[in-house]
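Notes follow the structure.
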There are 2 protein chains.
Amino acid sequence: MAKQKQDEGQAPKLTINDIARMAGVSKKTVSRVINRSPLLNRETRDRVETIIRDTGYVPNPQARALALGRNFLIGLVYDNPNVQMILSMQKGILEALHGTEFELVIRPVDRGSNLVMEDIRSFVTRQRLFGVVILPPMSENDALARMLDEEGCRYVRMGSAVLDDPEHMVASNDREAVADAVRHLIAQGHRRIGLIAGPHGFRSAQERREGFELALKEAGISLPRSLVADGQYTFESGLSASESLLDLSPRPTAIFASNDEMAAGVLYAARLRGIAVPEELSIIGFDDTPVTTRVWPPLTTVRWPIVAMGRAAALKLIGTAIGEDAEVNEPSMFSSTLIRRGSVAPPATS
Amino acid sequence: MAKQKQDEGQAPKLTINDIARMAGVSKKTVSRVINRSPLLNRETRDRVETIIRDTGYVPNPQARALALGRNFLIGLVYDNPNVQMILSMQKGILEALHGTEFELVIRPVDRGSNLVMEDIRSFVTRQRLFGVVILPPMSENDALARMLDEEGCRYVRMGSAVLDDPEHMVASNDREAVADAVRHLIAQGHRRIGLIAGPHGFRSAQERREGFELALKEAGISLPRSLVADGQYTFESGLSASESLLDLSPRPTAIFASNDEMAAGVLYAARLRGIAVPEELSIIGFDDTPVTTRVWPPLTTVRWPIVAMGRAAALKLIGTAIGEDAEVNEPSMFSSTLIRRGSVAPPATS
DNA sequence: TTGTAGGCGTTATCAG
DNA sequence: CTGATAACGCCTACAA
């Protein structure tokens with residue numbers, strides 16, 4: 001009885017008119033049902049809803065988009081070196097979107113280009129996006145946020161610190177997380193601890209560095225400039241940045257790398273030099289990417305709930321639309337945890 | 001002179017009517033210009049095109065979608081354990097889509113569910129997708145291909161073997177690639193070579209296994225059942241699958257793992273047992289994912305051109321639409337290459 | 001080669 | 001509370 005003509009090849013999809021006719025009401029009434037209009041007779045609504053359910057009718061998104069001037073698409077804007085993060089974000093967002101009428105459109109951009117802004121503007125403007133999620137470091141661009149506001153496009157920024165109002169922000173607390181990690185190192189007895197910083201212009205790099213410095217200061221440990229090396233969040237940069245640290249004499253007994261890729265680089269460099277990890281060198285990374293458990297020894301690292309954050313970001317965006325009031329109160333701040341594995345040990349007592 | 005009103009907050013976007021008026025022609029003529037209709041007066045076309053360029057007019061995709069009954073969206077359908085592959089595919093597809101009016105909508109599905117088919121159907125049907133790219137192992141589902149055909153949705157399948165017509169297929173030659181890799185092992189002197197196979201139901205697993213067997217047969221080497229272990233393409237499965245192989249006596253002197261994640265698992269298992277790689281055990285993986293260069297020693301593996309394949313898939317889909325005839329002839333078969341790194345050496349002469 | 005009328009499926013306006 | 005009627009912006013007939 002239900003679902004007629006669904007396997008006749010090109011199923012002639014039913015329209016709002018069909019439903020209206022079947023229900024004996026006007027199309028506008030059907031439209032009201034679809035859009036949850038509050039002023040509707042109880043039984044009228046029920047009747048229409050029953051028919052919609054029985055027929056399996058689904059409103060045409062293209063027509064809705066045209067009439068509303070707004071599409072049911074969420075955009076994901078990023079320019080990020082961390083592939084694992086992108087994928088995890090996608091996963092979280094998609095989880096939130098699942099079962100709704102929203103779809104995810106992904107959009108890598110080039111933050112170095114001077115056309116990024118126009119690029120993104122035309123993207124949201126053309127597609128009439130419902131909203132966008134912006135990944136770091138693009139999310140740190142305030143001008144971008146302003147522009148989106150002007151264009152009337154909702155947005156949520158992901159970041160390592162609170163950069164915007166709660167409704168526009170989902171953040172992790174990198175600084176405190178790193179401070180915790182370094183405190184762990186200190187508690188093990190380390191005093192000469194090296195830092196491989198992330199690239200300039202990344203807020204996350206700054207936050208992590210500040211967390212690092214904070215923990216040292218608390219413990220009254222000074223940080224000579226030579227113990228800080230610059231990295232680019234890549235394996236190769238971690239590898240080469242660690243060279244200068246490992247050349248030091250005395251050598252640092254521990255190194256905090258601002259992300260796992262660079263930590264893997266440190267581990268690799270240590271292996272090349274025959275430095276035993278963790279006996280002669282402790283290493284801590286950040287992100288808890290799969291690589292941490294593939295290498296030997298597995299890396300101690302900081303885990304942040306990327307998937308949950310992606311989900312929260314998407315829910316902030318569509319919360320009102322799907323009528324789940326509870327979701328509007330998605331948290332804006334997520335906390336990270338230290339994952340202890342095999343790359344940390346007390347320093348050798350030499 | 002060009003681009004007026006682009007920073008007045010809510011820029012009142014111009015429509016085809018505006019252009020028509022400015023050019024002194026009917027909107028249909030403008031429409032013809034947009035859609036590259038061949039029957040148009042040369043100068044009329046030029047005049048309209050000039051105005052379009054000067055004003056920065058862009059046709060409204062929503063309206064086009066409604067009128068055409070087809071959206072300018074490409075869908076990416078996948079249910080895949082290999083995150084690196086998904087991201088590389090996205091990259092390739094996006095490269096091809098860049099600069100066109102197409103956007104990429106991503107859609108993970110659950111191939112285990114008995115609603116996959118209806119899920120995908122409603123996805124392409126609702127969004128009126130221009131076309132979809134299907135990743136393995138979903139791409140191996142012939143019923144899916146038929147369904148998409150019925151729904152009038154273009155598609156391109158990615159796979160480890162040719163499963164469809166060239167216009168619908170972008171494949172890598174896994175079998176031959178693996179045979180080459182194993183020949184390399186044999187050339188080094190290995191005779192007891194173990195295989196960690198991929199999961200049942202994955203064509204890639206089957207192809208790689210056949211390539212493995214082919215190379216052994218060529219060399220007249222028999223393959224006792226005990227030298228084959230089943231894996232699931234995950235690190236953990238590789239780790240546990242290798243246990244049975246490493247317990248053997250005599251132990252295999254080399255192991256081919258059907259992907260890098262499992263190869264990393266083998267390496268990890270070897271380390272746990274104190275087996276030196278490559279001195280006592282050679283390992284080859286497949287995929288050339290980043291992990292191969294993060295571990296020690298770096299893994300010899302097979303590289304297949306995922307990004308290029310993704311690009312080709314997208315171009316096959318949109319080639320006709322963007323009028324680049326050359327692109328219609330995108331290759332359907334891509335070949336892989338053996339990447340020699342540090343995990344292979346001649347067997348110890350014991 | 002170009003223009004006119006009508007439709008794509010939905011929502012907004014404004015009466016009733 | 002509900003329903004005609006007119007958008008939304010573009011495209012396909014068909015006519016000129």
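Keep in mind that the numbers below use all heavy atoms, side chains included, and drop hydrogens, waters and symmetry copies.
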Could you pull out all donor-acceptor pairs under 3.5 Å where a side-chain atom in residues 75-86 of chain A meets a protein atom, sequence neighbours excluded?
residue, atom, partner, partner atom, Å
A/Asp79, OD2, A/Arg111, N, 2.8
A/Asp79, OD2, A/Arg111, NH1, 2.9
A/Asn80, OD1, A/Asn82, N, 2.5
A/Asn80, ND2, A/Pro136, O, 2.6
A/Asn82, OD1, A/Gln84, N, 3.2
A/Asn82, OD1, A/Met85, N, 3.1
A/Asn82, ND2, A/Asp287, OD2, 3.0

Extract all donor-acceptor atom pairs below 3.5 Å that involve side chains of residues 38-49 of chain B and protein atoms in other chains or at least two apart in sequence.
residue, atom, partner, partner atom, Å
B/Asn41, OD1, B/Glu43, N, 3.4
B/Arg45, NH2, B/Ser37, O, 2.6
B/Arg47, NH1, B/Ala23, O, 2.4

Name the atoms and distances for all side-chain donor-acceptor pairs under 3.5 Å in residues 60-74 of chain B, with sequence neighbours left out.
residue, atom, partner, partner atom, Å
B/Asn60, OD1, B/Gln62, N, 2.6
B/Asn60, OD1, B/Ala63, N, 3.0
B/Gln62, NE2, A/Gln127, O, 3.2
B/Arg64, NH1, B/Asn35, OD1, 2.9
B/Arg64, NH2, B/Glu101, OE1, 2.8
B/Asn71, ND2, B/Gln127, O, 3.2

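With sequence neighbours excluded, the residues that form a side chain to side chain donor-acceptor pair (under 3.5 Å) with B/Thr125 are B/Glu151. Residues that satisfy the side chain to side chain donor-acceptor pair (under 3.5 Å) test with A/Ser26, not counting sequence neighbours, are A/Thr29. In this structure, B/Ser122 has no side chain to side chain donor-acceptor pair (under 3.5 Å) partners at least two apart in sequence or on a different chain. Evaluation of the side chain to side chain donor-acceptor pair (under 3.5 Å) rule for B/Arg126 yields no partner, not counting sequence neighbours.
Rounded to a whole Å, the CZ atom of B/Arg70 is 14 Å from the C1' atom of C/dC8.
Sequence neighbours left out, not one pair with a member in residues 23-65 of chain A passes ring-ring contact (aromatic ring centres under 6.0 Å, His included). Within the structure, side chain to side chain donor-acceptor pair (under 3.5 Å) contacts touching residues 132-148 of chain B (residues at least two apart or in different chains) are B/Asp142-B/Arg157.
Using a 4.0 Å cut-off between a side-chain N of Lys or Arg and a carboxylate O of Asp or Glu, A/Arg154 and A/Glu167 do not qualify as a salt bridge.
Axis orientation changes by 30° from one end of the helix from C/dT1-D/dA16 to C/dG16-D/dC1 to the other, with each end axis drawn from 5 pairs and the value rounded to 10°.
Here the range on DNA chain D touched by chain A, meaning any atom under 4.0 Å from one of its heavy atoms, is D/dC1 to D/dG9.
The nearest heavy atom of DNA chain C to B/Thr29 and to B/Leu66 marks one nucleotide each, and the one closer to the 5' end goes with B/Thr29.
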### Query
Where along nucleotides 10-16 of chain C does protein come under 4.0 Å, by heavy atom, of base (B) or sugar-phosphate alone (S), with - for untouched nucleotides?
BBB----
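Between B/Ser26 and C/dT4 there is no side-chain polar atom (N or O) within less than 4.0 angstrom of OP1 or OP2.
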